[in-house]
Undergrad: 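Structure provided below as structure tokens; questions to follow.
Every heavy atom of this structure was used, including side-chain atoms; hydrogens, water molecules and symmetry mates were not.
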Amino acid sequence: MAQTIAVLSQKGGTGKTTAVRTLTDVLRRSGARTLAVDLDPQGNLSDYFDLPPEVEPTIADVLAGRSTAAEAIHDDIIPANLSLAEAELMLGGKMGRELTLKRALAKTSSSYDVILVDCPPSLGLLTVNALVAADRALITAEAQYFALQGVEQAMEVVDLARDSLDPQLELLGVLLNLADMRTVHSREALVSLKERFGEDVFETVIRASIAYAESAERATSILDHRPDLGADYLAVADEVLERLPGMADARERLAKLR
């Protein structure tokens with residue numbers, strides 16, 4: 001059975017989609033069978049993986065019951081586009097709406113070791129679906145003044161999903177993204193996060209760089225576009241694998257990539 005990780009943030013611009021894209025790349029290179037699920041109507045993760053805009057079926061078709069999750073997998077990715085916004089509205093009037101994604105992914109989980117779900121930059125119904133389907137939640141935060149507030153809001157939704165719908169849900173960790181640790185501002189953001197969330201905050205901080213936008217534009221992994229920056233994600237993936245049960249072999253293989 002796959003371990004499903006919902007990657008979320010309270011707002012856009014926290015590097016969440018880049019985190020999903022790059023962690024997917026690293027985990028695959030470590031030998032872990034990894035499925036990426038784009039649950040954002042903007043479809044940025046699908047673009048990053050260079051899937052054509054007209055690709056079908058998508059996660060919207062899965063949630064609407066027009067397709068199975070297995071049928072919507074393209075190169076180990078379930079893509080999204082703007083039709084997902086319509087599907088979200090449809091879900092609002094459906095019985096058991098919070099369980100739709102969990103049920104859809106259940107039949108595919110045996111084919112993978114890890115499933116990474118890229119949530120939309122909001123804490124609405126799609127994100128709740130991701131959390132209910134997930135075993136763990138990974139929260140991304142930008143190194144800026146409101147980082148603590150954003151993480152606390154995301155944590156409230158994680159707690160709500162755990163208490164009401166998914167008692168097995170655990171926090172995987174908080175990842176500080178887009179950080180320039182040469183600045184006092186970024187260093188203070190990291191300190192405030194660690195004071196509030198302690199060991200839940202990953203030791204690795206992802207450095208800010210225009211190279212991430214360049215790699216997204218070229219639909220190329222940062223591991224290939226800028227291996228020096230990709231080293232940050234190799235380190236984060238090591239922390240992720242350390243926190244996941246049964247992933248010791250993948251972690252050993254990852255050590256050979258670093």
Side-chain angles (χ1 to χ4, degrees), residues 1-17 19-20 23 37-41 45 59 63 84 88 91-92 94-106 109 114-179 189-206 236 239-247:
M1 292 290 288
Q3 300 181 71
T4 302
I5 303 169
V7 184
L8 67 150
S9 67
Q10 179 267 348
K11 59 186 283 292
T14 64
K16 171 181 57 61
T17 296
V20 174
L23 282 173
V37 180
D38 192 348
L39 203 62
D40 186 346
L45 182 66
I59 191 63
L63 296 178
L84 181 54
E88 182 178 20
L91 278 179
K94 184 177 179 180
M95 289 289 292
R97 55 188 178 270
E98 298 91 352
L99 300 170
T100 306
L101 182 64
K102 181 183 181 72
R103 291 168 176 162
L105 293 178
S109 63
V114 179
I115 299 175
L116 290 170
V117 183
D118 185 21
C119 298
S122 65
L123 303 178
L125 184 54
L126 290 175
T127 297
V128 171
N129 256 266
L131 290 171
V132 173
D135 303 294
R136 287 169 175 77
L138 193 163
I139 300 173
T140 63
E142 187 180 2
Q144 49 96 352
Y145 179 72
F146 293 108
L148 181 60
Q149 179 182 357
V151 172
E152 287 179 335
Q153 290 173 343
M155 283 291 296
E156 289 175 5
V157 176
V158 172
D159 290 341
L160 178 63
R162 179 193 300 116
D163 295 341
S164 304
L165 299 160
D166 185 4
Q168 306 304 316
L169 179 64
E170 298 179 10
L171 178 67
L172 180 63
V174 178
L175 176 63
L176 188 63
N177 253 339
L178 307 177
L190 180 59
V191 168
S192 65
L193 284 173
K194 287 193 171 184
E195 287 178 347
R196 175 66 179 83
F197 299 106
E199 294 183 355
D200 287 331
V201 180
F202 287 107
E203 287 297 323
T204 305
V205 174
I206 304 300
V236 169
E239 293 189 63
V240 168
L241 291 172
E242 184 180 19
R243 299 182 186 200
L244 293 176
M247 300 301 289

Undergrad: Roughly how far apart are L126 CG and L39 CG, rounded to 0.5 Å?
TA: 5.0 Å
Undergrad: Would you find a donor on one side and an acceptor on the other, under 3.5 Å apart, between the side chain of R97 and the backbone of L91?
TA: no
Undergrad: What is the minimum heavy-atom distance between L105 and A133, and which atoms define it?
TA: CD1-CB, 4.5 Å
Undergrad: Stepwise, does the side chain to side chain contact (heavy atoms under 4.5 Å, CB included) test hold for V240 with M247?
TA: CA-CA 9 Å; V240 168; M247 300 301 289; over 6 Å; no
Undergrad: Spell out, as yes or no, whether a donor-acceptor pair under 3.5 Å connects the side chain of D166 to the backbone of A161.
TA: no
Undergrad: Treating T127 as the side-chain partner and S122 as the backbone partner, does any N or O pair qualify as donor plus acceptor under 3.5 Å?
TA: yes
Undergrad: Looking at every heavy atom in both E88 and G124, which two are closest together, and how far apart are they?
TA: OE2-C, 4.4 Å
Undergrad: Quick one, L101 and I59 - any side-chain contact, counting heavy atoms below 4.5 Å?
TA: yes
Undergrad: Supply the atom-to-atom distance K102 NZ to S109 OG, rounded to the nearest 0.5 angstrom.
TA: 9.5 Å
Undergrad: If you measure from CD1 on I5 to CG on L138, what distance do you get to the nearest 0.5 Å?
TA: 7.0 Å
Undergrad: First locate atom NZ of K194, then atom CG of D200, and finally report the distance between them rounded to the nearest 0.5 Å.
TA: 12.0 Å
Undergrad: Can you tell me if Q3 uses its side chain to pair, donor with acceptor, with the backbone of D135 under 3.5 Å?
TA: no
Undergrad: Keeping D118 on the side-chain end and D38 on the backbone end, is there a donor-acceptor pair under 3.5 Å?
TA: no
Undergrad: Quick one: does K16's side chain have a donor or acceptor within less than 3.5 Å of a partner on C119's backbone?
TA: yes
Undergrad: Testing the basics here: between D40 and P120, what is the closest heavy-atom pair and its distance to 0.1 Å?
TA: CG-CA, 3.9 Å
Undergrad: Might you point out which heavy atoms bring K11 and T14 nearest each other, and give the distance in Å?
TA: O-CG2, 3.7 Å
Undergrad: Testing the basics here: between M155 and I139, what is the closest heavy-atom pair and its distance to 0.1 Å?
TA: SD-CD1, 3.6 Å
Undergrad: Nearest 0.5 Å, please: how far is CG in L178 from CD1 in I206?
TA: 9.0 Å
Undergrad: Hey, does the side chain of E239 reach the backbone of E203 with a donor-acceptor pair shorter than 3.5 angstrom?
TA: yes
Undergrad: Is L190 close to V201 at the side-chain level, that is, under 4.5 Å between some pair of heavy atoms?
TA: yes
Undergrad: For residues T140 and A19, report the shortest heavy-atom separation together with the two atoms involved.
TA: CG2-CB, 4.4 Å
Undergrad: Would you give the length of the straight line joining atom CZ of F202 to atom CG of L193, rounded to the nearest 0.5 angstrom?
TA: 12.5 Å
